[in-house]
Amino acid sequence: MKRTLALVFTCLFPVIAVAADAIVSEDGPHILPAGDSDLSEFLWIKRPIVVFADSPADPRYQQQIEMLTERADEMILRDVVVITDTDPSARSPVRMKLRPRGFQLVLLDKGGAVELRKPAPWDVRELSRSIDKMPMRQREIREGKGLE
């Protein structure tokens, strides 16, 4: 059991590190480091989900990134971009604006307002429900965008 678990973690860590530092594809989920991102560039275009941690080795951070990448299609459907910040000493503009403590998940709407803050990882299903309750998302659904 220990060997299997060690093998899983050995394979999983490089995948999470790559996912946290790069844009997956033009049509795929966008995962950007906070240092390269300014929240204003997503206004009225994307719904940012910002994942903060004090280190990329934080198990909650790794679990959250894994959950987001596993069900990326649901995030793409809802115009989500994921921004990661795992370096508190860098004092990124995103960190300075949202002021997290330790691990935190922050969901913003397309207008830039904070809709949700969570101190623990959240499943994509729960995030999707929260997004689907937002007025702009309701309008998108009524107009037929995001229905597949």
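As a basis for the values below, the full set of heavy atoms in this structure was taken, side chains included, without hydrogen atoms, waters or symmetry mates.
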Student: Between P56 and Q62, which heavy-atom pair has the shortest distance, and what is it?
Tutor: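 In this case the closest contact between P56 and Q62 is O-NE2, 3.1 Å.
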Student: Which residues satisfy the side chain to side chain donor-acceptor pair (under 3.5 Å) test with D58, sequence neighbours excluded?
Tutor: R60
Student: Go through the steps to decide whether S55 and Y61 satisfy the test side chain to side chain contact (heavy atoms under 4.5 Å, CB included), and finish with yes or no.
Tutor: CA-CA 8 Å; S55 163; Y61 170 78; over 6 Å; no
Student: If you look only at distance, which donor and acceptor atoms sit under 3.5 Å apart when one is on a side chain in residues 112-119 and the other is two or more places apart or in another chain?
Tutor:
| from | atom 1 | to | atom 2 | distance (Å) |
| --- | --- | --- | --- | --- |
| R117 | NH1 | L98 | O | 2.9 |
| R117 | NH1 | Q104 | OE1 | 2.9 |
| R117 | NH2 | L98 | O | 3.0 |

Student: Is the shortest distance from a Lys or Arg side-chain nitrogen in R78 or D132 to a carboxylate oxygen in the other one below 4.0 Å?
Tutor: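 Looking at R78 and D132, the cut-off is met.
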Student: Taking all heavy atoms of R95 and all of D87, pick out the closest pair and write down the distance.
Tutor: NE-O, 4.0 Å
Student: With heavy-atom distances below 4.5 Å as the criterion, would you say the side chains of L105 and I49 are in contact?
Tutor: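 Counting from C-beta outward, L105 and I49 do come under 4.5 Å.
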Student: Among residues at least two apart in sequence or on other chains, which ones pass side chain to side chain donor-acceptor pair (under 3.5 Å) with S92?
Tutor: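 So S92 forms a side chain to side chain donor-acceptor pair (under 3.5 Å) with D85.
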Student: Between E140 and R47, is there a side-chain N and carboxylate O pair less than 4.0 Å apart?
Tutor: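 Answer for the salt bridge query: yes.
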Student: Is there a side-chain contact between P100 and V106 (heavy atoms, below 4.5 Å)?
Tutor: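 They are not in side-chain contact.
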Student: Quick check for you: to the nearest 0.5 Å, what is the distance between F52 atom CZ and Q64 atom CD?
Tutor: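 Reported to 0.5 Å precision, the distance equals 13.0 Å.
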Student: Run the side chain to side chain contact (heavy atoms under 4.5 Å, CB included) test on T86 and D54 for me, step by step, so that the C-alpha distance in whole Å, both residues' side-chain angles and the decisive distance to 0.1 Å come before the verdict.
Tutor: CA-CA 5 Å; T86 58; D54 291 337; over 6 Å; no
Student: Linking I/L/V/M/F/W/Y whenever any side-chain heavy atoms sit under 4.5 Å apart, do I65 and M67 land together?
Tutor: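 In one cluster with I65: M67, no.
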Student: For D109, which residues count as a side chain to side chain donor-acceptor pair (under 3.5 Å) partner, sequence neighbours excluded?
Tutor: none
Student: What is the minimum heavy-atom distance between F103 and A120, and which atoms define it?
Tutor: CE2-C, 3.4 Å
Student: Hey, could you give me the CG/OG1 distance between L32 and T84, rounded to the nearest 0.5 Å?
Tutor: 7.5 Å
Student: Kindly give the cluster partners of W44, where membership spreads through any ILVMFWY side chain lying under 4.5 Å from a current member.
Tutor: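 Members besides W44, by chain and number: L43, M136.
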Student: With R71, which residues qualify under side chain to side chain contact (heavy atoms under 4.5 Å, CB included), at least two apart?
Tutor: D73, E74, D123, V124, R125
Student: Show the nearest heavy-atom pair for residues D79 and I45, with the distance to one decimal.
Tutor: CB-O, 3.9 Å
Student: Looking only at non-hydrogen atoms, find the nearest pair between P48 and I83 and report the distance.
Tutor: CB-CD1, 4.2 Å
Student: Please assess L127 against L68 for the test side chain to side chain contact (heavy atoms under 4.5 Å, CB included), listing each intermediate value before the final yes or no.
Tutor: CA-CA 10 Å; L127 286 166; L68 290 168; 3.8 Å; yes
